[in-house]
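What you see below is based on every heavy atom in this structure, not just the backbone, and it leaves out hydrogens, waters and symmetry mates. Note that ligands are numbered from 1 as they come in the structure, with each ligand's atoms numbered from 1 the same way.
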Amino acid sequence: MGGLFVAATTVTGRFAPSPTGALHVGNLRTALASWCAAVCGGGRWLVRMEDLDPVTSSREHERRQLDDLARLGLRSDGEVVRQSERFDLYRGAIERLRADDMVYPCYCTRREIREAAAAPHGDGLPDGAYPGTCRDLGPGQRRAHEREGRRAALRLRTHGERYTFADLVLGEVTGAVDDVVLQRNDGVPAYNLAVVVDDHLQGVDQVVRGDDLAPSTPRQLHLHHLLGFAPPAYAHVPLVVGPDGIRLAKRHGAVTLDDLAAHGTTDLQVLRLLAGSLGVSTPGEITPDEIAARFDVASIPRQPWRFDPSVDLPR
Ligand code: GLU
């Protein structure tokens, strides 16, 4: 039997919510975009629970978020991993950076950081960037902070590196890197580090997420580089705003699947609305697979999508 075997180059995408509340239309739209971008070419899509913060995250929110994704036909193609169960992996990465002298303890309080960051520093750092107060403390100064009972966060030592990346939605984006926190002063690994370690270990090579995270991408590219990982491709999707032009939130009214169902909007109607907002036309009934087949990342509008529950919902 003759046959031509072509090695599949499949994409692995992911959606990585923090299980701190119900997913709203904005989160669901990002989830749908990341799912379509992965599966439209026969790729895989993973869901990862970013539950680093034990105070704000809960299993109840996790269960509900997974249920809501399933209501739209979006299911993880692999085990749903929880960041709360992977601290050893993140600490291992910090140890590798520490061995290269890339890590230092930072004793600053939030207030001290705010005040120092607000002072003019004129060295090209992004607004609000950590100005490096603790970067060059000597052993005596560190001991003095520790005697005062201050607990140290761990920060990455950077040197004003800048990264440019070709975002699949935003085009070319350039940003500076600052001394990001790698581990909070309560011992919890920090977001930027955990995301980089997980995207690498899970084989994620395409990240589709909200454009509020675009400013963090240079930091993540830098961490990928320092850890010797190949970075994923990025597509940052403009956020969803309410009728007032402000980022969509609970106070805008019916914004979760349950809220919308209580107003008589079916899950399928929500799916079609979201698909339309991503540039996929949806005449009549449409399945998630048909949406993925018609999806093109290049058709995602570059403007925020304004969602007004009182106007946009089919009735
Ligand atoms: N956990 C982040 C959030 O819910 C998303 C992180 C990411 O996609 O890189 O906003």
Enquirer: Is Trp35 reachable from Leu72 through a run of hydrophobic residues whose side-chain heavy atoms are each under 4.5 Å from the next?
Expert: yes

Enquirer: Regarding Arg48 and Gln202, is there a side-chain donor-to-acceptor distance under 3.5 Å anywhere?
Expert: yes

Enquirer: Identify all side-chain donor-acceptor contacts of residues 180-191 below 3.5 Å with residues at least two apart in sequence or on another chain.
Expert:
{"residue": "Arg184", "atom": "NE", "partner": "Asp186", "partner atom": "OD1", "Å": "3.2"}
{"residue": "Arg184", "atom": "NH2", "partner": "Asp186", "partner atom": "OD2", "Å": "2.6"}
{"residue": "Asp186", "atom": "OD1", "partner": "Val188", "partner atom": "N", "Å": "3.1"}
{"residue": "Tyr191", "atom": "OH", "partner": "Arg209", "partner atom": "NH1", "Å": "3.3"}
{"residue": "Tyr191", "atom": "OH", "partner": "Gln220", "partner atom": "NE2", "Å": "3.2"}

Enquirer: List, one per line, each side-chain donor-acceptor pair under 3.5 Å for residues 276-284, sequence neighbours excluded.
Expert:
{"residue": "Ser277", "atom": "OG", "partner": "Arg29", "partner atom": "NE", "Å": "2.7"}
{"residue": "Ser277", "atom": "OG", "partner": "Leu274", "partner atom": "O", "Å": "2.7"}

Enquirer: I'd like to know if the side chain of Asp51 reaches the main chain of Ser84, judged simply by a donor and an acceptor atom lying under 3.5 Å from each other, with no hydrogens or angles considered.
Expert: yes

Enquirer: For ligand 1, would you mind listing the residues that have at least one heavy atom less than 4.0 Å away, ordered by chain and number?
Expert: Arg14, Ala16, Pro17, Ser18, Glu50, Tyr191, Arg209, Leu213

Enquirer: What residues form a ring pair (Phe, Tyr, Trp, His ring centres under 6.0 Å) with Tyr163, not counting sequence neighbours?
Expert: His222

